[in-house]
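The structure appears right after this line, and notes come after that.
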Amino acid sequence: MVTYRALSDTELVALLNKSDQLAYTEIFERYKQLLYRHAFRILNDHEVVNDIIQELFLAIWQKRETLVIHSSLTAYLFQSVRNRIFDWIAHQRVESKYLQSIHDFAEKAGFITDETIRARELNRIIEKEIASLPPKMRTVFDLSRETDLTYKEIGEQLNISDKTVKQQVYNAVKILRLKINSFLFFIHL
């Protein structure tokens, strides 16, 4: 019988390429805490770090048969975590900048009559589009923008996972961005 703990990382990856679930489990057990601590030092957010680690290992399992590691497994895993952290940070910045730009646009528009009309129209479109979101998505989105609740707290309140909350907010922003960008395109013609 093979003792997976005694296997090297290279041997585990070779077994993983053959869809060996025990090799995958050993890799997960061997590295999850190290990767978690590394990511937590950067982000200082348990929920986000858990999501990143889970998504990384899910991706590894999904591409297990084609996974090729040119360096060491350790280097590959740490680089993958760093890349996912950078992606998360970039996404947060884009989302924050986008919502801030909408807010800034509405604020600045109050000083000029033409801009006031456009801002009112934009606000009307935003509220209309928010109202047309699917009911559950609208509820999640409204809670995320009108309260200081975390995704986890919203999830507990609505009896859904924090991952679902995160995805619903992301989807709502994506939908609103498309509608608002169309409006902004036409007013600048």
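All values reported here derive from a predicted model rather than from experimental measurement.
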Side chains of [X] and [Y] in contact at under 4.5 Å (non-hydrogen atoms):
X: Asn83; Y: Gln79; result: yes
X: Leu73; Y: Thr10; result: no
X: Glu26; Y: Leu7; result: no
X: Thr25; Y: Tyr4; result: no
X: Arg82; Y: His38; result: yes
X: Arg145; Y: Asp142; result: yes
X: Arg37; Y: Phe40; result: no
X: Ile60; Y: Ile27; result: no

What is the distance from atom [atom1] of [X] to atom [atom2] of [Y], rounded to the nearest 0.5 Å?
X: Lys152; Y: Glu47; atom1: NZ; atom2: CD; result: 5.5 Å
X: Glu29; Y: Arg5; atom1: CD; atom2: CZ; result: 8.0 Å
X: Ser72; Y: Leu77; atom1: OG; atom2: CG; result: 8.5 Å
X: Ile154; Y: Thr139; atom1: CD1; atom2: OG1; result: 10.5 Å
X: Gln21; Y: Trp61; atom1: CD; atom2: CH2; result: 4.5 Å
X: Leu56; Y: Phe28; atom1: CG; atom2: CZ; result: 10.0 Å

**Message:** So for atom CD, which belongs to Glu153, do other residues, nucleotides or ligands contribute more than 12 heavy atoms lying within a distance under 6.0 Å?
**Reply:** yes
**Atom NZ of Lys163 with >12 non-hydrogen neighbours under 6.0 angstrom** = yes
Any donor-acceptor pair under 3.5 Å linking the side chain of [X] with the backbone of [Y]?
X: Thr3; Y: Ala6; result: no
X: Glu127; Y: Arg124; result: no
X: Arg84; Y: Ile52; result: no

**Request:** Quick one: do Gln167 and Asn171 satisfy side-chain hydrogen bond (donor to acceptor under 3.5 Å, both in side chains)? Show the steps, please.
**Result:** CA-CA 6 Å; Gln167 189 62 48; Asn171 291 342; 2.9 Å; yes
**Item:** Intermediate values then yes/no, side-chain contact (heavy atoms from CB on, under 4.5 Å), Ile69 and Leu67
**Value:** CA-CA 7 Å; Ile69 298 175; Leu67 184 67; 4.1 Å; yes
Heavy-atom closest contact ([X] atom, [Y] atom, distance):
X: Phe141; Y: Ala172; value: CD1-CB, 3.5 Å
X: Arg30; Y: Asp9; value: NH1-OD1, 2.7 Å
X: Leu133; Y: Arg138; value: O-NH1, 3.2 Å

**Request:** Go through the structure and list residues passing side chain to side chain contact (heavy atoms under 4.5 Å, CB included) with Ile89, not counting sequence neighbours.
**Result:**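 Per chain and number, Ile89 pairs via side chain to side chain contact (heavy atoms under 4.5 Å, CB included) with Leu43, Ile85, Arg93.
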**Prompt:** In chain order, what residues pass the side chain to side chain contact (heavy atoms under 4.5 Å, CB included) check against Ile160, with sequence neighbours excluded?
**Reply:**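 Residues passing side chain to side chain contact (heavy atoms under 4.5 Å, CB included) with Ile160: Lys136, Val140, Leu158, Thr164, Val165.
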**Asked** Quick one: do Arg64 and Asp20 make a salt bridge, cutoff under 4.0 Å?
**Response**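 No, this pair does not count.
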**Electrostatic pair Glu129:Lys174 at N-O distance under 4.0 angstrom** =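 Between Lys174 and Glu129 there is no salt bridge, as every charged N stays at least 4.0 Å from the carboxylate O atoms.
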**Message:** Assess the residue pair Tyr31 and Thr74 against the criterion (side-chain hydrogen bond (donor to acceptor under 3.5 Å, both in side chains)); give the C-alpha distance rounded to whole Å, side-chain angles, the decisive distance to 0.1 Å, and a yes or no.
**Reply:** CA-CA 8 Å; Tyr31 287 100; Thr74 306; 2.8 Å; yes
**Message:** Classify the ring geometry of Phe57 against Tyr24: parallel below 30°, tilted from 30° to 60°, perpendicular beyond 60°.
**Reply:** perpendicular
**Item:** Worked verdict on Tyr36 versus His46 for side-chain hydrogen bond (donor to acceptor under 3.5 Å, both in side chains)
**Value:** CA-CA 9 Å; Tyr36 180 90; His46 294 290; 2.3 Å; yes
**Asked** Linking I/L/V/M/F/W/Y whenever any side-chain heavy atoms sit under 4.5 Å apart, do Ile53 and Phe86 land together?
**Response**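 No, Ile53 and Phe86 fall in different hydrophobic clusters.
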